[in-house]
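Down below is the structure, laid out as structure tokens.
Throughout, protein chains are lettered first and strands after them, A, B, ... in sequence-line order, and every chain is numbered starting at 1. All figures in this text were calculated on a predicted structure; none of them were measured in a lab.
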There are 2 protein chains.
Amino acid sequence: MPMSSSNRVPVPTLGRLATYLRVLTELEQAHTETVSSADVEQQTGINAAQFRKDLSYFGEFGKPGVGYSVARLQESIAAILKIDRRQPVVLVGAGNLGSALIGYPGLTEHQMDLVAVFDNNPQRIGCQVRNLYVQDIQRFATVNETLQARIAILAVPAGAAQRVAEVLVAADVRAILNFAPTLLRLPAAVVVRNVSFMQELAVLSYHVSSNEQEENGEEQAGEQNNSVRPILHST
Amino acid sequence: MPMSSSNRVPVPTLGRLATYLRVLTELEQAHTETVSSADVEQQTGINAAQFRKDLSYFGEFGKPGVGYSVARLQESIAAILKIDRRQPVVLVGAGNLGSALIGYPGLTEHQMDLVAVFDNNPQRIGCQVRNLYVQDIQRFATVNETLQARIAILAVPAGAAQRVAEVLVAADVRAILNFAPTLLRLPAAVVVRNVSFMQELAVLSYHVSSNEQEENGEEQAGEQNNSVRPILHST
DNA sequence: ATAACTGTGTGAAAGGTTGCACAATCTAGT
DNA sequence: ACTAGATTGTGCAACCTTTCACACAGTTAT
């Protein structure tokens with residue numbers, strides 16, 4: 001007997017749902033019918049109880065003593081994440097990274113329909129990348145009136161990010177995947193996720209040098225490690 | 001009088017250090033000499049106390065009543081993150097994403113020296129990307145004996161990731177930035193950071209549709225939002 | 001000197017997330 | 001039917017992270 005109502009869903013849970021979905025797709029391709037939370041732990045490194053709790057935010061999907069129907073769970077999670085229908089997405093910034101993202105298979109796999117690419121560089125405007133022509137960012141408001149994209153991928157230089165983001169939001173974009181290393185100041189209703197290679201590299205760099213003396217052979221499985229010994233101490 | 005010794009540093013702290021460093025570089029270019037934790041909050045959206053606590057893991061860097069010397073703090077953080085010297089980094093996977101990363105300016109800015117690119121696709125081996133020639137991954141062990149890279153960027157398809165990661169680790173790589181959507185099972189001593197656009201997009205997608213009815217104009221500043229109302233409830 | 005500010009470093013509180021442990025529930029075999 | 005075995009959904013405790021709040025330390029002005 002479920003009772004979820006207006007409880008709030010942790011953001012990490014949403015991220016993990018995407019991981020579950022990936023595993024379910026693999027299982028489906030292997031013609032597996034049923035899966036248990038323990039199986040999922042085995043595949044993802046995410047604790048079985050965590051998996052069950054993540055799902056419990058949205059209802060009850062499993063049968064005690066049996067597990068979860070792969071096909072059913074897949075549909076349910078897709079519905080939760082709203083990727084059961086194709087979603088229009090726009091890309092702004094057709095530089096290195098932007099162009100690479102156009103071909104990224106993960107987008108279509110997750111029903112993200114890249115419908116337009118924008119840039120402000122006259123050298124790039126009009127160019128064809130994959131199956132899309134790069135358009136002038138100045139035309140964004142007009143074009144998006146037709147496209148109605150609510151999700152945008154922002155792959156412009158840091159200096160331009162805030163300005164461009166405001167243009168997007170003015171044209172009804174509600175969610176931004178931001179690759180620029182800057183803080184975007186936007187209305188609270190707009191959701192921003194920052195992808196920062198910098199930060200990840202910092203973590204790696206720190207660890208590499210601090211692990212200098214350790215030596216053991218355990219397996220690691222979790223998606224994120226938690227903390228490490230500091231090494232430097234300066235004043 | 002500091003007393004940090006073998007306390008453990010939270011991973012989020014390391015990520016934020018990279019952000020502070022970015023802001024400090026901007027401040028230096030604007031010829032600002034001194035900065036307070038409140039200034040940093042203004043620039044980054046990260047709570048001032050958080051900033052001070054993050055630094056406190058490594059020592060004392062500020063003067064009460066004055067703030068922090070921009071130049072000094074910059075050096076200190078760079079030293080903590082071990083990016084005060086150039087670090088050799090290798091890239092595996094010269095596909096779309098991999099190629100884009102070769103040109104990514106953030107790498108050099110953070111003293112990451114991309115010294116070699118590998119792939120297993122014969123069509124790509126030998127090709128020049130920017131200033132590097134793509135080498136056969138089979139030669140990795142040999143080549144890295146000379147290069148001595150400890151950090152690797154893994155931008156190969158999911159199916160190849162585990163296999164390649166093991167090759168890297170066998171050749172003394174200790175930290176991997178993994179762009180493949182798979183769980184890497186590696187010795188615990190190896191640090192893995194996963195970058196998953198999928199997960200970020202899932203969060204965006206979920207939010208876009210759930211925000212359907214809201215309407216308010218507050219500013220958002222933090223780097224991460226925390227939770228949201230669920231909308232779906234299925235069985 | 002002293003008073004009035006400003007801003008650091010940190011102990012303690014608040015808040016959020018993860019993992020354990022177990023009752024409840026379903027299946028299958030006898 | 002009944003028992004044994006499997007596996008879910010969840011209250012609770014442990015853990016981790018963030019934020020508050022304040023003592024203490026420099027700085028400036030009088």
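The side chain of Ser37(A) lies closest to dT8(D), out of dT8(D), dT19(D), dT10(D). Here the side chain of Pro64(B) is nearest to one of dT10(C), dT8(C), dT17(C), namely dT8(C). Between dT19(D), dT10(D), dG9(C), one nucleotide has an atom nearer to the side chain of Lys53(A) than all others, and that is dT10(D). Checking dT10(C), dT27(D), dT17(C) against the side-chain heavy atoms of Lys63(B) singles out dT27(D) as nearest. Checking dC26(C), dC20(C), dT27(D) against the side-chain heavy atoms of Ala49(A) singles out dC20(C) as nearest.
Distance CG/Leu201(B) to CG/Leu14(A): 12.5 Å, rounded to 0.5 Å. To the nearest 0.5 Å, atom CG of residue Leu177(B) and atom CD of residue Glu200(A) are 6.5 Å apart.
Proximity of Tyr68(B) to the phosphate of dG9(C): a side-chain N or O atom is located under 4.0 Å from OP1 or OP2. Residue Arg16(B) places at least one side-chain N or O under 4.0 Å from the OP1 or OP2 atom of dT18(D).
Checking side-chain atoms of Glu28(A) against main-chain N and O of Ala71(A) turns up no donor-acceptor pair under 3.5 Å. For Arg22(A) (side chain) and Pro181(B) (main-chain N/O), a donor-acceptor pair under 3.5 Å exists by modelled atom type.
The separation between Leu73(A) atom CG and dT8(D) atom P is 11 Å, rounded to whole Å. We find that CZ of Arg52(B) is positioned 10 Å from C1' of dC20(D), with the value rounded to whole Å. If you take CD of Glu41(B) and P of dT8(C), they are 11 Å apart, rounded to a whole angstrom. Rounded to an integer number of Å, the gap from CG of Asn47(A) to P of dT10(D) is 16 Å. Between the P atom of dT8(C) and the CG atom of Leu55(B) lies a distance of 10 Å, rounded to the nearest Å. The distance between atom CD of Gln50(A) and atom P of dG11(D), rounded to the nearest whole Å, is 16 Å. In this structure, Phe58(A) places its CZ atom 14 Å from P of dG9(D), rounding to the nearest Å. The CZ atom of Phe51(A) sits 13 Å away from the P atom of dT7(D) (whole-angstrom rounding).
Residue Glu33(B) places its CD atom among 12 or fewer non-hydrogen atoms of other residues, nucleotides or ligands, all under 6.0 Å distant.
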